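The structure appears below as structure tokens.
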2 protein chains.
Amino acid sequence: MNPVPTSENDSPPVYREIAEALRHAITSGQFADGDRLPGENDLMQQYGVARATARHALSVLINEGIVVSVRGSGIFVRAFRPLRRHGPRRLARELWETGRAVWEADANDREFETDSITVREIDAPEYVARALDLPDEARVVRRRRRHHLDGRPMQLATSYLPAELVAGTAIGEPDTGPGGIYARLGELGHPPAHFTEEIRVRMPTPGETEELRLSAGTPVLDVLRTALTTEHRPVELNEMTLDGSAYVLQYDFDA
Amino acid sequence: MNPVPTSENDSPPVYREIAEALRHAITSGQFADGDRLPGENDLMQQYGVARATARHALSVLINEGIVVSVRGSGIFVRAFRPLRRHGPRRLARELWETGRAVWEADANDREFETDSITVREIDAPEYVARALDLPDEARVVRRRRRHHLDGRPMQLATSYLPAELVAGTAIGEPDTGPGGIYARLGELGHPPAHFTEEIRVRMPTPGETEELRLSAGTPVLDVLRTALTTEHRPVELNEMTLDGSAYVLQYDFDA
DNA sequence: GAGTGGTCTAGACCACGCC
DNA sequence: GCGTGGTCTAGACCACTCA
């Protein structure tokens, strides 16, 4: 009789129970990666609930990132096959000294591509000036680009470099040449020797969701890297936003 | 007249536009951290929509982790004040050799606590045996615990150590004594010298949401650390799950 | 064209916070 | 006790996929 059967004591809401049942079916292997789950109509029948309730249950799993919905087709179990990004090794000097860009180091025989490259000289935002140890009114070269692997967008990156150091060099051009920014910095007498990476996690903005083609429930990683010379002068700040479902980050260090 | 005004060409759904307006109001500073947003009733009036639509708009922001809902009270802008976790420095040998546990290193004068400690000797799960370079039937000591800072749960940690190495020592006890596991391993002649940390991001399971008291839209960080001796023998595997809104991870390394 | 998910309305009862 | 968010129903039209 009761439209909302809060009858049983403290029982979780129906939509949660449905979500939990589906989640269990997935984690226990009843549904494999890519399998189609029971849809809204199935759930309405099986559990005798209204459509909104069935949808609510599915939305929980979608926001957990364990399933994706495909309009007109169904709800599918999501796979997770990340790319390993090895912090220290990929930034080893030998790499960019031998003409490979840092981003290339991640792509083991896979097809990589960089697009949406924009380069501009701008006034340094306050936090950039601070990170690069520059005065507030300083000019910086800002390089923006998007990296793909096997046709899939993987990360957005924005680098800032002191304009006084790099203006008029290939670093101000869309194509920085073999070995990329770091090789050019080396030629200018300021090869990066030390790196600091800061990692944060958050849910993406709508713009990032579009640019990285993220499905709902996918967090992003913010990696903020500062490159320093042997004299500990900061020469680059690189702000990266990675598709969280596409990466495993790895760092090695000693006690 | 149309109940669903899909009139304008390709205009985004109403709930998205409401969400975008609120998001913009937050990021542009019209609402500060902790401020109360217009609630469901306000949105229904302002935009002339049904309750479900207003709720839908708010649920978008909740799942983005930028606002939290408080039953009976309202929707509030969320603050983000993370703890800096410095990968290499916090694992420096001097720390645990002088009696401080690794977890203590993060807490700068803040109140820290560890609870839910359980210690058991078990058969090594397959991936644990592989990581510790042990045969499949090997026994391991598993230590589980939860770490708090200023009363807030920050991370869940599960360590695995070869039983043949640590059985009968303080590592098998809930309290491992000054300097923690690593100090004890040192006394046993196997001080950790090298570390590898792997980082993944994902949305939490319902159990983690409860144990870490996460609000909706908060991703977690999985940190998988392997500790190796000078002879590169793995002596510990530590699986940590961190509240993604509570941490900034930092790693330093050289080219 | 049948079936799937996406958006939206209108109205109901509930649990909780706060005054 | 009023207002808040939480759960749920019943029914509508839409856009898309796929056979």
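The structure displayed is predicted, hence computed values, not measured ones. Numbers restart at 1 for each chain; the letters A, B, ... are given by sequence-line order, proteins then strands.
One can place CG of Leu43(A) at 16 Å from C1' of dT9(D), the figure rounded to the nearest angstrom. Taking atom CZ of residue Phe76(A) and atom P of nucleotide dC16(D), one finds them 17 Å apart after rounding to whole Å. Put simply, CZ on Arg71(A) is 5 Å from P on dC16(D), counting in whole angstrom units. When rounded to the nearest whole Å, the span between OH of Tyr15(B) and C1' of dT9(C) equals 16 Å. Distance, Asp42(A) CG to dG3(C) P: 12 Å, rounded to whole Å. Put simply, OH on Tyr47(A) is 17 Å from C1' on dT7(D), counting in whole angstrom units. Across the protein-nucleic acid pair, Asn63(A) atom CG and dG5(C) atom P stand 16 Å apart, rounded to whole Å. Atom CD in Glu40(B) sits roughly 16 Å away from atom P in dC16(C) (whole-Å rounding).
The shortest heavy-atom contact between Met240(B) and Leu242(B) is CB-CD2, 3.9 Å. Across all non-hydrogen atoms, the minimal contact from Ala246(A) to Arg152(A) is CB-NH2, 3.9 Å.
For the pair Ser69(A) and dT4(C), the criterion of a side-chain N or O lying under 4.0 Å from OP1 or OP2 is not met. Between Arg55(B) and dG6(D) there is a side-chain N or O to OP1 or OP2 distance below 4.0 Å. For Asn41(A), no side-chain nitrogen or oxygen approaches OP1 or OP2 of dG3(C) to under 4.0 Å. Note on Ser73(A): every side-chain N or O is 4.0 Å or more away from OP1 and OP2 of dG5(C).
A donor-acceptor pair under 3.5 Å is formed between the side chain of Arg146(B) and the backbone N or O of Glu211(B). No donor-acceptor pair under 3.5 Å is formed between the side chain of Arg16(B) and the backbone N or O of Val60(B). Judged by distance alone, the side chain of Arg143(A) and the main-chain N or O of Glu173(A) form a donor-acceptor pair under 3.5 Å.
Comparing atom distances between the Thr53(B) side chain and each of dT7(C), dT9(C), dG5(D) picks out dT9(C) as nearest. Distances from the side chain of Arg51(A) to the nucleotides dC8(C), dG5(C), dA10(D) place dG5(C) closest.
Residue whose closest nucleotide on DNA chain D sits further toward the 5' end, between Leu37(B) and Ala52(B): Leu37(B). With DNA chain D read from its 5' end, the first of the two nearest nucleotides for Val70(A) and His56(A) is the one closest to His56(A).
Among the protein residues, Ile75(B) comes within range of the sugar-phosphate backbone only, with heavy atoms under 4.0 Å from sugar or phosphate atoms but none that close to a base.
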